[in-house]
2 protein chains.
Amino acid sequence: MPSTPRRSTKQRSIVLEIVARAKTHPTAEEVFTIARKKLPEISLATVYRNLHLLAEEGKIREVQFEGSTLRYDGMTMEHEHFCCRSCGVVEDLPVSLPAATVASIQSQLGAIIERYSLDYYGVCQRCKESAA
Amino acid sequence: MPSTPRRSTKQRSIVLEIVARAKTHPTAEEVFTIARKKLPEISLATVYRNLHLLAEEGKIREVQFEGSTLRYDGMTMEHEHFCCRSCGVVEDLPVSLPAATVASIQSQLGAIIERYSLDYYGVCQRCKESAA
DNA sequence: TTATTATTAGTAATTATTCCTATTAACTAA
DNA sequence: TTAGTTAATAGGAATAATTACTAATAATAA
């Protein structure tokens, strides 16, 4: 089955660029606000559509933290996250589970594990210190 | 700071019972539907309110899988999840990360890690076999 | 009992996201 | 280039999930 041909549009490349450059993990609404500065006529629906498409293509990642709406992450390599419940900051952790851990669960279940999401929650260093 | 006194109501105990007994990880809407069978006048807002309260008290857990709405889990001990992208089933995995893994990330960050959420995604045994 | 007020039912309002449609613009082949 | 095809867009309507509001109810304390 041939995949639908995909056109390259200003809107799509701006959405990708915003997420790729973002140090935070922006929501669709935040991407939209930034995008409007570069392309004032871009519509919210277009931002949503392109975020989904780009995620499907693996060029960005969707991340869902507890108590939050869907966010987007420009870091595509495997990694984990830490979320501070006090200030809300999200930090990328450039680590991943040992392959053996994943393989062990996979064989226990008899399933195929394609990916996983690991998020740590707590209080970041900055908030910890300012509370002391 | 004294916590608000909490009354015990039929509604609250039914919501807790439903989540605790559920083998699936029901959404608020699903809990509501089941609750109506036992208490036909219970309202959806009451279900939502009590799910939050019970989660806050640690009697149930909120879980959020990708592409899904918020769900509730009656298993309160530490555990992980596997979600099948084909049939949607969610399996509880009675395992947890080694304390050393968590401690290492905690010290790398200088943060306090209070909890984490680890969800595996893939294809369950049943779906894998029926596809073969 | 009676008084107090946490909790509720029912519904309105809000938030996040998706759907719809006429129009625009990216690509293709002549 | 230019014309034809159709993917993609803007803008707004519609939907889904959740929260807010309020008068009435019922759990607890005195």
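Basis for what follows: all heavy atoms, side chains included, without hydrogens, waters or symmetry-related copies. By convention in this document, chain letters (A, B, ...) are assigned in the order of the sequence lines, proteins followed by strands, and residues within each chain are numbered from 1.
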Practice task
Would you confirm whether B:Lys128, through its side chain, and A:Gly110, through its main-chain N or O, come within 3.5 Å as a donor-acceptor pair?
Solution key: yes
Handout entry: Length of the line joining B:Leu51:CG and D:dA17:C1', which is rounded to integer Å
Key = 13 Å
Completion exercise
What residues 15-23 of chain A contributes to the DNA chain D interface at heavy-atom separation below 4.0 Å is none
Donor-acceptor pairs under 3.5 angstrom involving side-chain atoms of residues 82-91 of chain B: please list them, not counting sequence neighbours.
residue: B:Arg85; atom: NE; partner: A:Glu114; partner atom: OE1; Å: 2.8
residue: B:Arg85; atom: NE; partner: A:Glu114; partner atom: OE2; Å: 3.2
residue: B:Arg85; atom: NH2; partner: A:Glu114; partner atom: OE2; Å: 2.6

Problem - A:Ser13 and A:Glu17: side chain donor to acceptor below 3.5 Å - result: no
Practice task
State whether the side chain of A:Tyr121 and the backbone N or O of A:Glu66 hold a donor-acceptor pair below 3.5 Å, judged by distance alone.
Solution key: yes
Fill in the blank from the handout: 5'-most contact on DNA chain D (nearest-nucleotide basis), B:Thr9 vs A:Leu53, goes to A:Leu53
Handout entry: Check: A:Ile113 main-chain N/O paired with A:Gln106 side-chain donor or acceptor under 3.5 Å
Key = yes
Problem - Validation row, ring centre A:His81 to ring centre A:Phe65 under 6.0 Å - result: yes
Practice task
Measure the distance from CG on B:Asn50 to P on C:dA6 and round it to the nearest whole Å.
Solution key: 15 Å
Problem - Greater than 12 external heavy atoms within 6.0 Å of A:Lys59's NZ - result: no
Fill in the blank from the handout: Winner on side-chain proximity to A:Arg7, out of D:dT5, D:dA27, C:dT8, is D:dT5
Problem - Separation of atom CZ in B:Arg6 from atom P in C:dT7, rounded to whole Å - result: 6 Å
Exercise for the section: Sugar-phosphate means primed atoms, P, OP1 and OP2; the rest is base. With that split, encode nucleotides 9-21 of chain C 5' to 3' as B, S or - using protein heavy atoms under 4.0 Å. Expected result: BBB----SBBB--
Practice task
Find the distance B:Phe32:CZ to D:dT19:P and express it as a whole number of Å.
Solution key: 16 Å
Problem - Donor-acceptor contact below 3.5 Å, side chain B:Ser68 vs main chain B:Gln64 - result: no
